[in-house]
Protein chains: 2
Amino acid sequence: MAGRNGDERRGQLTLRDVSEASGVSEMTVSRVLRNQGDVSAKTREKVLEAARMLGYVPNKIAGALASNRVNLVAVIIPSMSNMVFPEVLAGINEQLEGTDLQPVVGATYYDPEKEEKVLYEMLSWRPSGVVIAGLEHSEASRAMLANAGCPVVEVMDVDGEPVDVAVGISHWRAGYEMGQEILSRGYRRIGFMTTTSEGDHRARKRMEGLERALGEAGVTLADQIFYSGNSGFAKGREMTNEMLTRTKDLDFLYYSNDLTGAGGLLYCLEQGLDVGGDLGMAGFNGFTLLEGLPRVLATTESCRRETGIEAARIIAGQHVFEPGADRRIELKPTIRAGDTMRPKL
Amino acid sequence: MAGRNGDERRGQLTLRDVSEASGVSEMTVSRVLRNQGDVSAKTREKVLEAARMLGYVPNKIAGALASNRVNLVAVIIPSMSNMVFPEVLAGINEQLEGTDLQPVVGATYYDPEKEEKVLYEMLSWRPSGVVIAGLEHSEASRAMLANAGCPVVEVMDVDGEPVDVAVGISHWRAGYEMGQEILSRGYRRIGFMTTTSEGDHRARKRMEGLERALGEAGVTLADQIFYSGNSGFAKGREMTNEMLTRTKDLDFLYYSNDLTGAGGLLYCLEQGLDVGGDLGMAGFNGFTLLEGLPRVLATTESCRRETGIEAARIIAGQHVFEPGADRRIELKPTIRAGDTMRPKL
DNA sequence: CTGAAAGCGCTAACAG
DNA sequence: CTGTTAGCGCTTTCAG
């Protein structure tokens, strides 16, 4: 191979080109372009001018290799299609705004093996941080995370042991508290509709919390449906119809998701049921996009954006943990009773 | 500085470590790990074993620099909060699945300056492709795109000149066709509600197409509202109320977005209006999540996922353009009349 | 304040 | 089938 940077080796502009065009050493050009170290105003001007003229764009690959610093943050989520995940991503993005960090997104499609692959792929870029959904991962994935050599934030769940840091709400607690809320309003015959397709530990934890709260009052779930596939209004309608048909005396319908809940709500209103009175209903997530339904569906705000923001703060080093402190940041979801529960007793 | 790779220079496992542990040359180790070239089964096994034992993760930064190949695809969209963009991203992600390409996402928040910054940032990683929303960019951005040295796909719009390739629907045509559809069903007093916050050229183009269709029949818009901020049910309700109050004889309401349309739909139903009869309504996008509303809102399916898929195919080199062929891939949106338009005359 | 030298960890190219 | 050599474009380090 010919000498270093032969001539226009790859059609790519290099520091050397700027150096030659400006008559300043590569090193000083580099300093100017990174705003690093002291450079005389005159030299700086010359360099900037040359860079602009040439249309030079630095090569981060080379920079990253040389400096061992990469401004990428790996974000690994189950899916882009389920609204909740883009919302977390939006929070991350928002908080990273001030920094020079960029998110790189990978989807696992709820498949642990796929998660392993994506994680491996991402880690091979030596990112400055990893944000990954959930606390449940394969052995191999946990090992990779543990050896990532960068902050690792497991998000959207705090019911378990994080590899490094966890940020999110306690889904168990969310279920538990909604259970208490339901009971406090005098409902006793409760039907629950939840997704399984999420592969989702979080929905399961909510259910466990719910059952615990009910159990403490001697109540058991009167009926339940597990569904897979997309959560939408139609699914909520269909399930609600099925459940109300087969179990006659239900007085509360709890959905694992606001969208199915909203579908159920519309259905019940059409049926002329006394929603918010004899029949209580609640969903989960707090999707603001639903505001404007005929009734405001009771729900638990699951702090998605906030979770993303907090995760990003940690990656960006804007959150310092005291040594020995709990490395789980539990966000507190709020229950909004909306119009679909009767007043507390 | 000490000799090359002194000892555990950065606490990072290198090819050399695997080489030493397996007694095979670095080069061959590299071949095995990349599944490239012929390596004897025995050697391969030794290497794989050593790599696994050590927990070696290749450094893509170094690989990319050496090979001048980067498996990253830059995806630049206005926002993560507006459902349409994550949906395009989902399509990209899906199609990239089979390849070794990974999307890197950046948000511009509808700000051309921000777009420039994000683009610069992304390009400095020398990605294998760029997918960017829209055809309208600053001079500087267009220059960067033109010199990106990789496929550049401008998505979600084909009404204009792409730098390289464009994929998406024609919004002008979408508006035009909906206009014709509306007229064909005998509606004449049309109110239009559209967002401005998108900074959005696309909504504007739809409106222009709509006005053209109406104009050809000698009809002009009876009323219109431009709003900014989030599109949700609540906004749709509010605007609909306002418009129906101030303009009495409207017979059709056209929304720039399904969500506001759905809000309007719920409102009109509550008001006891003859939706789908004397009063027609339509939205835009074809959000499947809305299926299950009391009525199916008429809409134009805007092919978001398909756009992402097609863009990814181009980046991945799975779509070959004939030389001289039009480098705009116009996807054909379909109008779904739903339940909110009366039959054609 | 500026520059020269020496790699970062990997792969292309060529030679066995 | 395997190994050697020479960098990729940048930044670190150390000397002026």
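A quick note: this is a predicted structure, and the numbers were derived from the prediction, not measured. Chain letters run A, B, ... following the sequence lines, proteins first, then strands; residues in each count from 1.
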Quick one, which residues of residues 38-55 of chain B touch DNA chain C with a heavy atom under 4.0 Å?
-> none
With sequence neighbours left out, which residue pairs that include part of residues 91-113 of chain B fulfil the salt bridge (charged side-chain N to carboxylate O under 4.0 Å, His left out) condition?
-> A/Lys114-B/Glu97, B/Glu94-B/Arg305
In chain order, what residues pass the side-chain hydrogen bond (donor to acceptor under 3.5 Å, both in side chains) check against B/Glu121, with sequence neighbours excluded?
-> A/Lys60, A/Asn71
Which residue pairs pass the salt bridge (charged side-chain N to carboxylate O under 4.0 Å, His left out) test when at least one of the two sits in residues 129-157 of chain B, sequence neighbours left out?
-> B/Glu136-B/Lys205, B/Asp157-B/Lys205
Sequence neighbours excluded, which residues qualify as side-chain hydrogen bond (donor to acceptor under 3.5 Å, both in side chains) partners of B/Tyr109?
-> A/Asn93
Starting at the 5' end of DNA chain C, which residue's closest nucleotide do you reach first, A/Thr28 or B/Ser30?
-> A/Thr28
Sorted by first residue and then second, give each salt bridge (charged side-chain N to carboxylate O under 4.0 Å, His left out) pair with at least one member in residues 306-321 of chain B; sequence neighbours left out.
-> B/Glu310-B/Arg313
With sequence neighbours excluded, what pairs up with A/Glu49 under the salt bridge (Lys or Arg N to Asp or Glu O under 4.0 Å) test?
-> A/Arg52
Return the polar atom pairs (N/O with N/O) between nucleotides 14-16 of chain C and the protein under 3.5 Å, or none.
none

Would you mind reading off the distance between A/Gln36 atom CD and D/dT13 atom P, rounded to a whole angstrom?
-> 11 Å
Quick one: list whatever passes side-chain hydrogen bond (donor to acceptor under 3.5 Å, both in side chains) with A/Ser141, sequence neighbours left out.
-> A/Ser138
Under the salt bridge (Lys or Arg N to Asp or Glu O under 4.0 Å) rule, collect the residues that match up with A/Arg304, sequence neighbours excluded.
-> A/Glu87, A/Glu301
Kindly state each residue pair satisfying salt bridge (charged side-chain N to carboxylate O under 4.0 Å, His left out) with at least one member in residues 317-330 of chain B, sequence neighbours excluded.
-> B/Asp164-B/Arg327, B/Arg173-B/Glu330, B/Asp326-B/Arg328
Degree of bending, the helix from C/dC1-D/dG16 to C/dG16-D/dC1 (end axes from five pairs; round to 10°) | 30°
